[in-house]
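All values below were derived from every heavy atom in this structure, side-chain atoms included, with hydrogens, water molecules and symmetry-related copies excluded.
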Amino acid sequence: MSGIAKLKKVELRTVAEEIGLVVNEGMKKSQLRRLIEDSDVFKNDNEAVKSAVEDVLENRNKKSDQDSEIEIERLKIERIKLELQLAQVKANECLVNFPGDSYDLHNSELYERELKDHQGEPVCLLVHNSEILLIINKCSSFTKLQRIIAWCMRFKENARNPLQRTTGNLTVPELSAALICLERSVKFVYFSKDIQCIMNGGKLSNSSKLLYLSPFLDEKNVLRVGGRLQHSELPLNHKHPMLIPNNCNICDLIIDHYHVFYLHTGVEATLANLRTQFWITNGRSTVKRVLHKCLKCLKAAILLKSRKIRNLSDRRTLKYKLVMLSCSKDYIRVRNP
C-alpha cells in the first residue's frame with residue numbers, strides 16, 4: 001500500500017496499534033513498516049488497514065491546520081504588542097516639556113530610560129573610500145583628467161556658494177587642487193596601511209615599499225617623500241615629491257605626459273623630469289614599461305637600426321692625403337731698428 005510509505009514513525013505506531021498488533025518500545029520506522037506489511041490483517045483485511053491509514057492522514061491535516069491557525073494568531077498578537085509599544089513611545093515623546101526654544105534632554109524621562117543606562121566610551125571612526133575614482137581608468141590623457149577634476153571641483157564650489165560663483169578659464173590653484181584630489185584618491189587605496197602608521201606616529205613595517213623613502217604627510221594631507229633636502233632653497237615639489245604607486249593607471253598617464261611634453265625623451269631623462277614633482281615606486285622599471293608602448297619612439301628606433309655602415313671616403317683613408325703629414329718650419333730673424 002502506497003499510503004504506508006508516506007507515514008511517519010509515530011503514525012506507523014498508531015496504525016499498528018489500531019489493527020491490533022503488538023508494538024515493542026524502541027522499534028524503528030523500517031521495523032514498524034515491515035511489521036504491518038507482514039501481519040495477517042494487512043494480507044487478509046486490506047480495507048481495515050486502509051481506513052486506519054486514512055484516519056491517521058486526516059488527523060495530520062487537521063493538526064497542521066490547527067498549527068497554522070495558532071501561528072496566525074500568534075503573529076497577530078505580536079503585531080498588536082508592537083503597535084502598543086510604538087504608541088507608548090510616541091506618547092512619551094509628546095510628554096517631553098519644551099521650555100522656550102530648547103529643552104533639557106538629559107533630565108527627560110525618555111533619556112533616563114533609553115540612553116543614560118547604555119552610554120559607553122565615545123568612539124571616533126575615520127572611514128576612507130577604498131575604491132579609486134572610476135574616471136581615472138577611463139581617461140587616456142593626464143592633462144584631460146586633471147582638467148575634468150578641476151571643473152567638477154569648481155561646480156561643487158559654485159553650488160555651495162551661489163552668490164560667489166567662479167567663471168572663466170581654469171586657474172593654476174584650481175589645477176593644483178585637482179592634482180591633490182587625484183593624489184589623495186590614489187594613496188588611500190594603495191598606501192592605506194602606511195598612512196595609518198604615519199598618522200599614528202608609528203614605524204612602517206619591514207615589508208613596506210616606502211620604508212626607505214621616509215614618507216610624511218604635509219599640511220594638505222599629501223603623502224610626500226622625505227630626504228635630506230629639507231633645508232635647501234629648492235621648491236617643495238623638488239625637495240619632497242608626491243608619492244605615486246606604480247601599479248595604477250594614473251601613474252602611466254603621468255609618465256606618458258612627461259615623456260611627450262619633453263619631446264619623447266629616454267628613460268633616464270623622463271625619470272629625472274618626473275622626479276621634479278612626483279616620486280613613483282620602482283620608477284625606472286615602470287618608466288621603461290610605459291616607454292616601450294610609445295609608437296613614435298618605436299618607429300624611430302626601427303629607422304636607426306635599419307641604417308648600414310658605409311665606407312669612408314678616399315680622402316680620409318689614403319696615406320698621402322692625410323692632413324699635416326709633412327711640415328716645415330721657417331726661422332725669421334727680427335732686427336732691431
Side-chain angles (χ1 to χ4, degrees), residues 131-152 169-172 174-191 208-213 215 222-227 229 232 234-313 316:
E131 296 181 359
I132 198 170
L133 292 176
L134 297 178
I135 195 172
I136 294 178
N137 298 324
K138 293 183 179 180
C139 284
S140 59
S141 171
F142 174 71
T143 306
K144 182 179 179 181
L145 175 63
Q146 187 179 8
R147 294 180 67 85
I148 289 173
I149 298 298
W151 282 114
C152 293
N169 296 328
L170 293 173
T171 60
V172 175
E174 288 178 330
L175 293 174
S176 301
L179 179 60
I180 292 174
C181 178
L182 288 171
E183 192 272 342
R184 287 177 180 174
S185 66
V186 171
K187 73 177 181 182
F188 283 118
V189 177
Y190 295 94
F191 300 138
S208 176
K209 296 180 180 179
L210 312 180
L211 182 62
Y212 299 103
L213 297 178
V222 177
L223 187 63
R224 295 184 179 273
V225 178
L229 301 177
S232 65
L234 295 172
L236 177 63
N237 289 328
H238 288 65
K239 292 190 295 183
H240 306 292
M242 299 181 186
L243 269 168
I244 301 294
N246 64 331
N247 52 352
C248 64
N249 188 46
I250 191 173
C251 173
D252 297 352
L253 295 179
I254 292 173
I255 294 173
D256 186 68
H257 169 72
Y258 275 82
H259 175 62
V260 175
F261 183 79
Y262 288 99
L263 304 178
H264 296 271
T265 52
V267 176
E268 297 297 333
T270 304
L271 187 62
N273 294 326
L274 270 171
R275 287 179 176 174
T276 59
Q277 191 171 7
F278 303 100
W279 187 281
I280 299 174
T281 56
N282 297 330
R284 185 168 281 99
S285 60
T286 307
V287 171
K288 285 182 180 179
R289 174 178 58 82
V290 176
L291 264 57
H292 285 169
K293 300 178 184 179
C294 182
L295 295 179
K296 291 186 178 181
C297 294
L298 183 62
K299 292 178 181 179
I302 293 174
L303 292 176
L304 291 175
K305 291 180 181 178
S306 62
R307 295 180 180 178
K308 296 181 180 180
I309 300 177
R310 296 182 180 181
N311 293 324
L312 296 174
S313 62
R316 300 178 61 184

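At least one donor-acceptor pair under 3.5 Å links the side chain of H240 to the backbone N or O of V225. In this structure a side-chain-to-backbone donor-acceptor pair under 3.5 Å is present from N249 to I136. Under a 3.5 Å cut-off, the side chain of T270 and the backbone N or O of V267 do not form any donor-acceptor pair. With hydrogens and angles ignored, the 3.5 Å screen pairs a side-chain donor or acceptor of Q146 with a backbone N or O of L175. In this structure a side-chain-to-backbone donor-acceptor pair under 3.5 Å is missing from T281 to P245.
Looking at heavy atoms from C-beta onward, T143 lies out of side-chain contact with F261 at the 4.5 angstrom threshold. Annotation: side chain of F278 is in contact with side chain of Y258 (closest heavy-atom distance under 4.5 Å). Residues C251 and T286 meet the side-chain proximity criterion, which asks for heavy atoms closer than 4.5 Å. By the 4.5 Å heavy-atom criterion applied to side chains, K296 and V260 are not counted as neighbours. Residues F191 and L223 form a side-chain contact, since some pair of their non-hydrogen atoms from C-beta on lies under 4.5 Å apart. Side-chain contact between L271 and I255 is absent, with no heavy-atom pair separated by less than 4.5 Å.
Around the CG atom of N311, the shell of radius 6.0 Å holds no more than 12 heavy atoms that belong to other residues, nucleotides or ligands.
The shortest non-hydrogen separation linking Y190 to C248 is OH-CB, 3.5 Å.
Residues meeting the salt bridge (Lys or Arg N to Asp or Glu O under 4.0 Å) test with R284, sequence neighbours left out: E268. When the ring pair (Phe, Tyr, Trp, His ring centres under 6.0 Å) test is applied to H264, the partners found at least two apart in sequence or on another chain are H259.
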- Mind running side chain to side chain contact (heavy atoms under 4.5 Å, CB included) on F142 and L179 for me, showing each step along the way? CA-CA 10 Å; F142 174 71; L179 179 60; 3.6 Å; yes

- Derivation of the side chain to side chain contact (heavy atoms under 4.5 Å, CB included) call for C139 and I148: CA-CA 10 Å; C139 284; I148 289 173; 4.0 Å; yes

- Item | Worked check of side chain to side chain contact (heavy atoms under 4.5 Å, CB included) between L298 and K293 | CA-CA 8 Å; L298 183 62; K293 300 178 184 179; over 6 Å; no

- Task: Could you give me the CA-CA distance, side-chain angles and deciding distance for R224 and L243, then say whether side chain to side chain contact (heavy atoms under 4.5 Å, CB included) is met?
- Result: CA-CA 5 Å; R224 295 184 179 273; L243 269 168; over 6 Å; no

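The salt bridge (Lys or Arg N to Asp or Glu O under 4.0 Å) analysis of residues 237-260, with sequence neighbours excluded, yields the pairs D252-R289.
Going from atom CG of L274 over to atom NE2 of H257 covers 9.5 Å, rounded to the nearest 0.5 Å.
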